Amino acid sequence: MAKKRIYEVAKEVGVDNKVVVQKAKELGFDIKNHMSSIDDAQVAKLKGSFQNSAPAEKNNKIKISVSSIRKNEKKQEDNAGSKKPRRRNNKRRQNNNDRNRKNRNDRDHNSNSGKPKAAALLQQFKQKQRAEEGLLNREAQKAKKEYHEQLRHPKKEQPVNNKKKTNKENNTKKSESVEKKIIGPKILKPSPARLKKNQPSTNDKPAVKVSIPEPPKDEKRGNGRGKNMGKPGRKGKNQFFNNHNEHSDRSERKHRKNKKRQQEQKPKKQPTKRKERPLPETLIYEEGMNAQDIGKLIHREPAEIVKKLFMLGVMTNQNQSLDKDTIELLAAEYGINAKQKVHEDISDIDTLYDKRMEASKKSKNQVKRPPVVTIMGHVDHGKTTLLDRLRHTHVSAHEAGGITQKIGAYQVRLDDRLITFLDTPGHAAFSNMRARGAEITDIVVLVVAADDGVMPQTVEAIDHAKSANVPIIVAINKMDKPGANPQHVTEELMKYNLIPEDYGGDTIFVNISAKTGQNVDDLLQMILLQADVMELKANPTEMAIGTVIEARLSRGRGPVADVLIQQGTLNVGDPIVVGDTFGRVRTMTNDRGRQVKKATPSEPVEITGLNDVPESADKLVEFKDEKTARSVGEARAQQALQKSRENVQHVTLDNLFDTMKKENMKEVDIVLKADVQGSVEALQQSLEKIEVEGVRVNIIHSGVGAINESDVTLAGASNAFIIGFNVRPTATAKSQAETEGVDIRLYSIIYKAIDDVTAAMKGMLEPTYEEKVIGNLTVRETWKVSKVGTIAGSFVDKGLVKNNAKIRVIRDGIVKYDGEIASLKRFKDDAKEVKQGNDCGLTIKDYNDIKVGDEFEVYEMQQVEPK
């Protein structure tokens, strides 16, 4: 008996394997899956059950498998040739298709003509579905196109076409009616209409729902020939779009992108022709410019300039630097003038100071300013006492030795008018400081003591004032003393062309007494009168310029400078350059110790905020910004360093002897520290002027401020000693100096410092000795003693004789021997010395040829003090 398998029966009937297996189990067949076999009776019974159930389910949905639908699609596509055959088909699938085709033909032939055929219904359903899918695709493409057109042209509003809208509504109604009439299997493959429904769109259309019964979960799906064969959503397939639509969308997007790029690319503009610009009248050039730089100035192409130079015989290119003659030759070829650009060196603040001073004098914003008065004179003639009287203070009480050793600046008010006074030291060591005071002053008050008269420093002060072209007012002081003789002082001053007004001259003379205040107000009135005659004015609206009166280093505040503002107004926070230093004004203090916010012309102030201690008489210049001030200050410091390195004296034939002499000289190394910069300079110059033959002073370091550890270390390494002028060492420096054995000398008066250094220089000289005769003797008797030599009995004619002195033997006026005394005796005893008028016996070392009548000259070498 032949048996058939369940899947063969399913192919003959045209039903899914699982449906046939389920039906066979309902009929009571002992089967497990589609591979189970049944006999012919069971086959006939199973086929009859499907034929009997067909008329009863006429109006119901036809249940067919998805695999059979896909196989029918494959058959129709192969017959029509619309699509390419699948690559993954194999021989077994072809044999199955042939077998299925035969079974289907037999089934169709045996079936009744009145029954509905599943294949015909399926084909009808597919045709309608494809028609609707095509319509939906066209509408989707049209919607996309309209959307992109709106993006490209947002301003243009396309009119709504009512006809198209009605057509879309009709199509929507038709699709709904078709959906209601369709009787067929439901499939899981989503249609484009369903996808369109999920996406935002203006046309919402109901999707055609085709359902297929889901198989039980415990049963396996498929016919066992391939894992993903015939299933929707298998590998390589998109579940939502078929390959054709995806490819068309991708190509369309690429086409739109290329079209957009073409639209964005604007046509290139034609290069504008360069207009011929006229040549300038004058070419302002800098030496070292090239053809490109010159072309920008004269509005010509660099190639044209190179060609011109080539025609002139100069071989060059666009980037090669040209010298001055070549540039002028090129300018002459173009027929224009050539002028070299002059660079202004902003680091030259002295020139900038002079320019601002001249500009201020020509300005229309000038106002009257207080006069700056400098008091000059000899030591102890009463200059500071006069200022004390004016300021009602006692400055001189704090000065060491009763003399002023630094410049002081004060302001005095008289009749609502201010007078600025500068007090300069009177000692000869401070001549440079007096010279600086004369440069920044308007009027000089020459103080001369009535009981002392004209002294050297008085003459020096007169010379400084005359060299600065400053008017002089003579104040004859100490009129309260009994020995005052102002007439004698006047006669002495007339020798220096200081003729009083009473004698027909132009010099103001005032007899005063600073101690009692006699005629001091008259002196101030004369100062104001002289100032009115001079018409002193300044411009307070411009940037400030001034001069440093004094500078020092403060422990708590850093570098401090006393400056006198000459033009403009200096405010707190202004960036300034002072000499080789720079900074920003941090604080300003006036002469009475009060902090001020600004300083006007002729006002002395004490400023802080500099990066280093400036020199006395340095120029102060204000700048607009701190960056410029910093660059100028750093450039000036670099130039000063370079200049100091260049100040090396080279040996020539002219100075060869002097150089050799200096090299052989001994040096006194000194580390010099003082309270203010002016004192440092004055003391340094005074020490260097000390003249001791064979010794010179070498200042290895000088500065302002207290003596610190670095000074002690430097002095110890250089075997030098430290001189402190009005300063003291720190506690650490003092202990370090005691440990290292460094000598620190502290002074408050300049005379003592100079004397001590002079003594030290003399002490370093090699001792010089000179011969000094101390006695004369005459030989009266001689004795020869074995192992002793010849003993000379002598009489001391003059002076004395010492046992350790030197002696000469003179015979007939000729020196026979020059040696030393070996022994000296008075009678039988040894004697250290024998004086005039006494007898003695002596022997001469290594000499025995002594005769009666010889003369002895006793002498010794005594050290001579250096001059």
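Residues take their numbers from the sequence shown, with the count starting at 1. Computed from heavy atoms alone, side chains included, the values below leave out hydrogens, waters and symmetry copies. Since the structure is predicted, the reported quantities are computational estimates derived from the model, not experimental observations.
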*Asks:* Side chain to side chain contact (heavy atoms under 4.5 Å, CB included), that's the test. Do V605 and T589 meet it? Break it down for me.
*Replies:* CA-CA 5 Å; V605 288; T589 310; over 6 Å; no
*Asks:* Counting C-beta onward and ignoring hydrogens, is there a side-chain heavy-atom pair between P370 and I419 closer than 4.5 Å?
*Replies:*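 P370 does not reach I419 side chain to side chain.
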*Asks:* Go through the structure and list residues passing salt bridge (Lys or Arg N to Asp or Glu O under 4.0 Å) with K368, not counting sequence neighbours.
*Replies:*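 Expected list: D532.
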*Asks:* Would you confirm whether N477, through its side chain, and A514, through its main-chain N or O, come within 3.5 Å as a donor-acceptor pair?
*Replies:*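 Looks like yes, one N/O pair under 3.5 Å.
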*Asks:* For N719, is the CG atom crowded, meaning more than 12 foreign heavy atoms sit under 6.0 Å from it?
*Replies:*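 No - once you tally the heavy atoms of other residues, nucleotides and ligands closer than 6.0 Å, there are 12 at most.
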*Asks:* For the atom pair CD1 (I512) and CE (M526), what is the distance rounded to the nearest 0.5 Å?
*Replies:*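 It comes to 12.5 Å.
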*Asks:* Does the side chain of E603 pick up a donor-acceptor pair with the side chain of T420 at under 3.5 Å?
*Replies:*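 Not at all, the side chains of E603 and T420 share no donor-acceptor pair under 3.5 Å.
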*Asks:* What's the verdict on salt bridge (charged side-chain N to carboxylate O under 4.0 Å, His left out) for D350 and K619, showing C-alpha distance, side-chain angles and the deciding distance?
*Replies:* CA-CA 7 Å; D350 295 331; K619 303 299 181 184; over 6 Å; no
*Asks:* Measure the CG-OG distance between L386 and S513 for me, rounded to the nearest 0.5 Å.
*Replies:*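 OG of S513 is found 10.0 Å from CG of L386.
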*Asks:* Under the 3.5 angstrom rule, does the side chain of T581 hit a backbone N or O of V578 as a donor-acceptor pair?
*Replies:*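 Yes, the answer is positive, given that a donor and an acceptor are paired below the 3.5 Å cut-off.
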*Asks:* Does the pair D756 and I723 meet the rule for a side chain to side chain contact (heavy atoms under 4.5 Å, CB included), with working shown?
*Replies:* CA-CA 10 Å; D756 286 355; I723 291 180; over 6 Å; no
*Asks:* Just so I know, are the side chains of D743 and I722 near enough to count as touching, which here means a heavy-atom distance under 4.5 Å?
*Replies:*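 The answer is no; the side chains never approach within 4.5 Å.
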*Asks:* Check for a donor-acceptor pair, side chain of R636 on one end and backbone N or O of G579 on the other, with a separation under 3.5 Å.
*Replies:*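 Yes; at least one donor-acceptor contact below 3.5 Å.
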*Asks:* Without hydrogens or angle criteria, can the side chains of T458 and E492 be said to hold a donor-acceptor pair below 3.5 Å?
*Replies:*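 E492 and T458 do not have a side-chain donor-acceptor pair below 3.5 Å.
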*Asks:* Where do K673 and D711 land on the salt bridge (charged side-chain N to carboxylate O under 4.0 Å, His left out) test, with the steps shown first?
*Replies:* CA-CA 9 Å; K673 297 298 285 291; D711 299 329; 2.6 Å; yes
*Asks:* Do I607 and I576 have side chains that approach each other closer than 4.5 Å (heavy atoms only, starting at C-beta)?
*Replies:*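 A side-chain contact exists here, since the closest heavy-atom pair is under 4.5 Å.
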*Asks:* If every non-hydrogen atom of E622 is compared with every non-hydrogen atom of R356, which pair is closest and at what distance?
*Replies:*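 Nearest heavy atoms, E622 then R356: O-NH1, 2.7 Å.
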*Asks:* Rounded to the nearest 0.5 Å, what separates atom CZ in F421 from atom CD in Q411?
*Replies:*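 If we round to the nearest 0.5 Å, F421:CZ and Q411:CD are 10.5 Å apart.
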*Asks:* Can you see which heavy atom on G705 is nearest to which on V727, and at what distance?
*Replies:*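 Nearest heavy atoms, G705 then V727: O-CG1, 3.5 Å.
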*Asks:* Between T608 and V560 (side chain of the first, backbone of the second, donor and acceptor by atom type, cut-off under 3.5 Å), is there such a pair?
*Replies:*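 Not at all, since once roles are kept as given, no pair shorter than 3.5 Å links the two residues.
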*Asks:* Nearest 0.5 Å, please: how far is CD1 in I527 from CG in L529?
*Replies:*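 It comes to 11.0 Å.
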*Asks:* Got L422 and I440 here, is their nearest side-chain heavy-atom distance under 4.5 Å?
*Replies:*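 Side-chain contact under 4.5 Å: yes.
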*Asks:* Evaluate the side chain to side chain contact (heavy atoms under 4.5 Å, CB included) criterion for residues I670 and V697: first the C-alpha distance (whole Å), next the side-chain angles of each, then the deciding distance (0.1 Å), finally the verdict.
*Replies:* CA-CA 7 Å; I670 297 175; V697 174; 3.7 Å; yes
*Asks:* Could you check K515 against D480 for salt bridge (charged side-chain N to carboxylate O under 4.0 Å, His left out), going step by step and ending with a plain yes or no?
*Replies:* CA-CA 8 Å; K515 189 173 183 180; D480 56 323; 5.3 Å; no
*Asks:* With the side chain counted from C-beta on, respond yes when L683 and V680 share a heavy-atom pair under 4.5 Å apart, and no when they do not.
*Replies:*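 In short, these two side chains do not touch, never coming nearer than 4.5 Å.
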*Asks:* Please round to the nearest 0.5 Å and tell me the distance separating atom CG of L620 and atom CG of L570.
*Replies:*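 These two atoms lie 6.0 Å from each other.
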*Asks:* After noting the C-alpha distance and the side-chain angles of F721 and I744, does the key distance pass the side chain to side chain contact (heavy atoms under 4.5 Å, CB included) rule?
*Replies:* CA-CA 6 Å; F721 64 93; I744 299 178; over 6 Å; no
*Asks:* Rounded to the nearest 0.5 Å, what separates atom CD1 in I476 from atom NE2 in H488?
*Replies:*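 I476 atom CD1 to H488 atom NE2 measures 11.0 Å (nearest 0.5 Å).
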*Asks:* Quick one, T628 and P575 - any side-chain contact, counting heavy atoms below 4.5 Å?
*Replies:*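 The answer is no, as the side chains (C-beta and beyond) never meet within the 4.5 Å cut-off.
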*Asks:* What closest approach, in Å, do L687 and I754 show between heavy atoms, and which atom pair accounts for it?
*Replies:*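 Where L687 meets I754 most closely, the heavy atoms are CD2-CA, 4.2 Å.
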*Asks:* Charged N to carboxylate O under 4.0 angstrom, D675 versus R552?
*Replies:*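 No.
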*Asks:* Between D574 (side chain) and N571 (backbone), is there a donor-acceptor pair under 3.5 Å?
*Replies:*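 Answer holds: yes.
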*Asks:* When you compare the side chain of T730 with that of E709, does any pair of heavy atoms fall below 4.5 Å?
*Replies:*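 The answer is yes, as the side chains (C-beta and beyond) meet within the 4.5 Å cut-off.
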*Asks:* Would you check if the side chain of T569 reaches a backbone N or O of P540 as a donor-acceptor pair within less than 3.5 Å?
*Replies:*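 Looks like yes, one N/O pair under 3.5 Å.
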*Asks:* Heavy-atom distance under 4.5 Å between the side chains of I700 and L714, does that happen here?
*Replies:*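 Side chain of I700 against side chain of L714, heavy atoms only: contact under 4.5 Å found.
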*Asks:* Is the backbone N or O of D522 less than 3.5 Å from a side-chain atom of N519, with the two atoms forming a donor-acceptor pair by type?
*Replies:*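 No; zero donor-acceptor contacts below 3.5 Å.
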*Asks:* Exactly one of T600, D442, N539 should register a side-chain hydrogen bond (donor to acceptor under 3.5 Å, both in side chains) with R369. Which one does?
*Replies:*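 The side-chain hydrogen bond (donor to acceptor under 3.5 Å, both in side chains) with R369 is passed solely by D442 among T600, D442, N539.
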*Asks:* For the residue pair F725 and I749, what are the closest heavy atoms and their distance?
*Replies:*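 The answer is CE1-C, 3.7 Å.
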*Asks:* Using modelled atom types and a 3.5 Å cut-off, is there a donor and acceptor pairing between side-chain atoms of S363 and backbone atoms of A359?
*Replies:*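 It does not hold such a pair.
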*Asks:* Do Q567 and S360 have side-chain atoms, one donor and one acceptor, less than 3.5 Å apart?
*Replies:*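 Short answer, yes.
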*Asks:* Taking all atoms of both residues into account, what is the closest heavy-atom pair of D591 and A409, and its distance?
*Replies:*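 Nearest heavy atoms, D591 then A409: CB-O, 3.5 Å.
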*Asks:* So which heavy atom on V447 is nearest to which on H381, and how close?
*Replies:*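 Answer, listing the atom of V447 first, then H381: CG1-O, 3.3 Å.
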*Asks:* Is it the case that atom CD in E535 sees more than 12 heavy atoms from other parts of the structure closer than 6.0 Å?
*Replies:*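 For E535, atom CD is not crowded (no more than 12 foreign heavy atoms under 6.0 Å).
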